[in-house]
A.B. asks: 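One structure is given below, represented as C-alpha cells, and several questions about it will come after.
Only a predicted model underlies this, so the values are computations on that prediction, with no experimental measurement involved.
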Amino acid sequence: MVPPKPDKSIAKPKLDPPETVRSIVKRLEDAGFETWCVGGAVRDALLGHPHLDWDLATVATPPEVKKIFKRTVPVGVEFGTIGVMDHDNVMHEVTTFRKDVQTDGRHAVVEFGASLDDDLARRDYTINAMAYSPSRDELRDPYDGRKDLAGKLIRAVGDPRERMREDRLRALRAIRFAARFGFAIERDTYDAIVESAPELSKLSAERVKQEIEKTMDQVPLPSKAFAMWRDTGAFGTLIPALARVTDVQLLPLDHLRRPLIPGRPARRTTRIAALFASMAVATVRKTLKDLRFSNNEGEWIALLVERWQQLGTAMTTALLKAEEMGAADPWIMDQYPPNAVLRTWAASAGRTRLAPLLRLADAFWWAARQTGVPAPYKQTVASVYKRAIKIAYRDPIALSDLALDGSDLEKLGLHGPAVGATLRRLLDAVITDPRKNTHDALLELAKTMIINP
C-alpha cells in the first residue's frame with residue numbers, strides 16, 4: 001500500500017473542455033445559474049487522458065435546465081440530472097447541486113439547493129471531488145485531489161467508513177480506479193473497503209455486473225483489480241466461487257485486448273470468460289445468471305469456458321508437438337497440427353466462437369510462459385490461428401454444411417433420433433475428409449452406416 005512515486009507532470013492544470021461544453025456552461029451562466037465541470041472529465045484532463053464525457057453541476061434545477069435547452073433527456077430527474085444534447089448529438093449530464101440526506105448503501109435521498117462545496121463533499125474520492133469553471137478558468141479542489149493525483153493515491157473524501165456506508169459500490173470503484181491508473185489505495189480507505197466487504201451483498205446484481213464490465217473495458221491489467229476483489233473480501237461476498245482464485249489464474253486477463261474498438265463486443269466477453277475459466281461450467285452459468293447477464297451473453301461465455309476446458313489440454317499438446325517437430329524441419333510448422341485436427345477444434349467451438357477460443361488459449365499460454373510453465377509460443381499460435389480461421393470458414397464443420405439433410409436420410413428409411421445420429425456420424429467423416437461432402441458420396445456412406453450401425 002506504499003504510494004508510487006509522485007508524478008510531477010500534473011503540477012499545473014491542463015483543462016480545456018470542448019467548445020460544446022463551454023457553450024452549455026455559458027448558456028446556463030448567462031441565465032444566472034452558476035455552473036461547473038465536475039467528475040471524471042476533470043480528473044482525466046488533469047492526468048492528460050482524453051475524456052469525452054464532460055458532466056456539469058449547476059445551481060439550476062431540472063425544470064430550469066429544460067427551459068434553457070430545447071433538446072434534453074430525463075436521465076435521472078429525481079436525482080437532479082438532465083441530459084443536454086449538444087449540436088454534435090453528444091449528451092452531457094447536467095446535475096443540480098445536491099447533498100445526501102439519507103442513504104441505505106444502495107439508494108440515496110438527495111436535497112437540492114446545495115452549494116458547489118456541498119456537492120463536492122458528497123463525492124467518493126478526492127480525485128473525483130474537483131470542479132472546473134471554464135468562464136473563470138478556476139479549479140475548485142477542496143480535498144487536495146490534485147495532490148493525490150500527483151501522489152498516485154486513491155483517498156476517500158472525509159471519513160472513508162462513512163463514504164462506504166453511503167454507497168457500497170464505492171469499494172469496487174476505488175479498486176477499479178486504482179487498477180486503471182496504477183494508483184495505490186490510501187491505508188484508511190483500504191481498511192474501510194475491507195470492513196465494508198460483507199455489506200457488498202446489498203448491491204444489486206446489475207451494479208456488480210456493470211462494475212465487472214467497466215473493469216474489463218477500462219483497466220489495462222484486470223488481474224490487478226480482481227486480485228484486490230479477492231484480497232479485500234469482495235469476491236467472498238459477491239462471487240464466492242472466486243474467493244480463492246489465484247494470481248496465476250487471473251494473469252491471462254492481462255494478455256487479452258481491451259474492447260476499445262466499437263463493434264468488438266467479443267473482446268469484453270472473452271475477458272469475462274477468462275475471469276471465470278477456473279470455475280466449473282455449471283457454476284459459471286449460475287453465476288452469470290445471478291449477475292443478470294442476458295441469456296445469450298451468459299451462454300456464449302459459458303460455452304467458451306466449456307470449450308477451453310474440454311480442448312485446452314489437447315490444443316496445448318498439439319502445438320507443443322508442432323514446435324518440437326518444427327525445430328528439426330521448419331516446414332512442418334505450417335502443416336501441423338493437421339487440418340483435420342483444426343476442423344475438429346472448429347466444429348467443437350463453432351465458427352463464430354473459434355477466434356475467441358484461440359485468443360483465450362493464447363492468453364493462458366502466455367500466462368503459463370510468464371510463470372515458467374511450457375506452453376506454445378506466440379509465433380506458433382499466430383500461425384495456427386490464421387490456418388484455423390481460414391479452415392473454419394472454408395471447410396464443412398457443421399451439420400448445416402453437409403451436402404444432404406434429414407429428409408434425404410428419411411428416404412432411406414431412417415426416422416426419429418436415428419436421423420440426427422447418422423447426420424452427426426456423417427459430419428465426423430466429412431471433418432476427417434471434406435472431399436466426402438457430396439450428395440452422392442454421403443448417401444452411399446449413410447447406407448453403409450445403416451447396414452453397419
Side-chain angles (χ1 to χ4, degrees), residues 179 208-209 211-217 219-231 234-236 238-259 264-320 345-346 348-350 352-376 378 381 384-385 388:
V208 177
K209 172 181 179 287
E211 196 57 38
I212 292 173
E213 290 175 334
K214 286 182 178 181
T215 299
M216 298 303 187
D217 291 349
V219 177
L221 303 176
S223 72
K224 308 298 183 185
F226 291 115
M228 283 189 278
W229 279 50
R230 176 197 64 206
D231 296 343
F235 269 148
L238 298 171
I239 309 177
L242 290 176
R244 291 183 174 83
V245 67
T246 68
D247 289 345
V248 173
Q249 290 170 330
L250 291 172
L251 190 58
L253 285 165
D254 298 347
H255 193 64
L256 291 163
R257 292 183 179 182
R258 289 168 57 195
R264 296 282 184 91
R267 288 188 176 182
R268 179 201 283 170
T269 52
T270 304
R271 275 189 157 192
I272 294 173
L275 175 63
F276 293 125
S278 63
M279 297 165 51
V281 175
T283 306
V284 174
R285 284 192 170 91
K286 181 180 185 306
T287 300
L288 295 173
K289 183 177 181 180
D290 291 344
L291 289 172
R292 302 295 190 270
F293 279 83
S294 70
N295 290 337
N296 287 341
E297 191 172 17
E299 187 60 15
W300 174 278
I301 294 169
L303 283 174
L304 190 56
V305 171
E306 184 175 63
R307 295 301 182 265
W308 168 242
Q309 293 179 358
Q310 290 174 344
L311 297 173
T313 299
M315 293 169 72
T316 304
T317 301
L319 268 62
L320 286 174
W345 296 353
S348 179
T352 58
R353 199 174 284 107
L354 179 62
L357 174 64
L358 291 171
R359 294 190 191 103
L360 185 67
D362 181 41
F364 275 91
W365 291 328
W366 170 84
R369 294 195 303 272
Q370 297 301 304
T371 56
V373 176
K378 180 178 180 180
V381 179
V384 170
Y385 179 92

A.B. asks: Could you check if a side-chain atom of T313 sits within less than 4.5 angstrom of a side-chain atom of T316, using non-hydrogen atoms only?
C.D. replies: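 They are not in side-chain contact.
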A.B. asks: Who are the side chain to side chain contact (heavy atoms under 4.5 Å, CB included) partners of R353, not counting sequence neighbours?
C.D. replies: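 Per chain and number, R353 pairs via side chain to side chain contact (heavy atoms under 4.5 Å, CB included) with W300, L303, L304.
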A.B. asks: Do you know which two heavy atoms are closest between T283 and A241, and how far apart they sit?
C.D. replies: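 Shortest heavy-atom contact: CG2-CB, 3.9 Å.
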A.B. asks: Passes side chain to side chain contact (heavy atoms under 4.5 Å, CB included), V219 versus K214? Steps please.
C.D. replies: CA-CA 8 Å; V219 177; K214 286 182 178 181; over 6 Å; no
A.B. asks: For residues L320 and A375, report the shortest heavy-atom separation together with the two atoms involved.
C.D. replies: CD2-C, 3.6 Å
A.B. asks: Please tell me if the side chains of R230 and L242 come closer than 4.5 Å, counting only heavy atoms from C-beta onward.
C.D. replies: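 Contact flag for R230/L242 side chains = no.
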A.B. asks: Measure the spacing between NE2 of H255 and CG of D362 and express it to the nearest 0.5 Å.
C.D. replies: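 H255 atom NE2 to D362 atom CG measures 4.0 Å (nearest 0.5 Å).
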A.B. asks: Pair I239, I212 - check side chain to side chain contact (heavy atoms under 4.5 Å, CB included), show working.
C.D. replies: CA-CA 11 Å; I239 309 177; I212 292 173; 4.1 Å; yes
A.B. asks: Is the side chain of R268 donor-acceptor paired with the backbone N or O of R258 at a distance under 3.5 Å, no angle test?
C.D. replies: no
A.B. asks: What pairs with T371 under side-chain hydrogen bond (donor to acceptor under 3.5 Å, both in side chains), at least two apart in sequence or on another chain?
C.D. replies: none
A.B. asks: Calculate, to the nearest 0.5 Å, the distance between atoms CG and CH2 belonging to L358 and W345 respectively.
C.D. replies: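 Reported to 0.5 Å precision, the distance equals 7.5 Å.
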A.B. asks: Kindly say whether L256 contributes a backbone atom to a donor-acceptor pair with the side chain of R267 at under 3.5 angstrom?
C.D. replies: no
A.B. asks: Flag the pair D254 and K224 as a salt bridge only when some basic side-chain nitrogen lies within less than 4.0 angstrom of an acidic carboxylate oxygen.
C.D. replies: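 Not counted as a salt bridge, because no side-chain N and carboxylate O are separated by less than 4.0 Å.
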A.B. asks: With no hydrogens and no angle check, is any side-chain donor or acceptor of Q249 less than 3.5 Å from a backbone partner on T246?
C.D. replies: yes
A.B. asks: What is the minimum heavy-atom distance between P222 and R271, and which atoms define it?
C.D. replies: CG-NH1, 3.3 Å
A.B. asks: Please confirm whether the backbone N or O of P376 pairs with a side-chain atom of R369, one donor and one acceptor, at under 3.5 Å?
C.D. replies: yes
A.B. asks: To the nearest 0.5 Å, what is the distance between CD (E297) and CG (L288)?
C.D. replies: 8.5 Å
A.B. asks: What are the two closest non-hydrogen atoms of W229 and E211, and how far apart are they?
C.D. replies: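 Looking at all heavy atoms of both residues, the shortest contact is CZ2-CG, 4.1 Å.
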A.B. asks: Quick check: are there more than 12 heavy atoms from other residues, nucleotides or ligands sitting under 6.0 Å from CZ of R244?
C.D. replies: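 Count not over threshold, so no.
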A.B. asks: Kindly indicate, with the supporting measurements, whether the criterion side chain to side chain contact (heavy atoms under 4.5 Å, CB included) is fulfilled by M228 and F235.
C.D. replies: CA-CA 9 Å; M228 283 189 278; F235 269 148; over 6 Å; no
A.B. asks: Going by the rule side-chain hydrogen bond (donor to acceptor under 3.5 Å, both in side chains), which residues pair with W308 if we only count those two or more places apart in sequence or in a different chain?
C.D. replies: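 In terms of side-chain hydrogen bond (donor to acceptor under 3.5 Å, both in side chains), with neighbours along the sequence ignored, W308 is linked to no residue.
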A.B. asks: Please enumerate all residues that pass salt bridge (Lys or Arg N to Asp or Glu O under 4.0 Å) together with D290, with sequence neighbours excluded.
C.D. replies: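 Counting only residues at least two positions away or on another chain, D290 forms a salt bridge (Lys or Arg N to Asp or Glu O under 4.0 Å) with K286.
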A.B. asks: Nearest heavy-atom pair of V381 and W365: which atoms, and what distance?
C.D. replies: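 What the structure gives for the nearest pair is CG2-CE3, 3.5 Å.
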A.B. asks: Could you state the interatomic distance from OG1 (T270) to CD1 (I301), rounded to the nearest 0.5 Å?
C.D. replies: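 It comes to 8.5 Å.
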A.B. asks: Roughly how far apart are L354 CG and S348 OG, rounded to 0.5 Å?
C.D. replies: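 L354 CG to S348 OG: 9.5 Å, rounded to 0.5 Å.
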A.B. asks: Name all residues meeting the side-chain hydrogen bond (donor to acceptor under 3.5 Å, both in side chains) criterion together with K209; count only those two or more places apart in sequence or in a different chain, and write none if there are none.
C.D. replies: E213
A.B. asks: Check step by step if side chain to side chain contact (heavy atoms under 4.5 Å, CB included) holds for E306 and E299.
C.D. replies: CA-CA 10 Å; E306 184 175 63; E299 187 60 15; over 6 Å; no
A.B. asks: With heavy-atom distances below 4.5 Å as the criterion, would you say the side chains of L275 and M216 are in contact?
C.D. replies: yes
A.B. asks: I need the T287 OG1 to F293 CZ distance, nearest 0.5 Å.
C.D. replies: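 The OG1 atom of T287 sits 10.0 Å away from the CZ atom of F293.
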A.B. asks: For S278, which residues count as a side-chain hydrogen bond (donor to acceptor under 3.5 Å, both in side chains) partner, sequence neighbours excluded?
C.D. replies: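 Scan of S278 (side-chain hydrogen bond (donor to acceptor under 3.5 Å, both in side chains), adjacent residues dropped) gives none.
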A.B. asks: Considering all heavy atoms of both residues, which atom of V284 and which atom of F276 are nearest to each other, and what is their separation?
C.D. replies: CG2-O, 3.6 Å
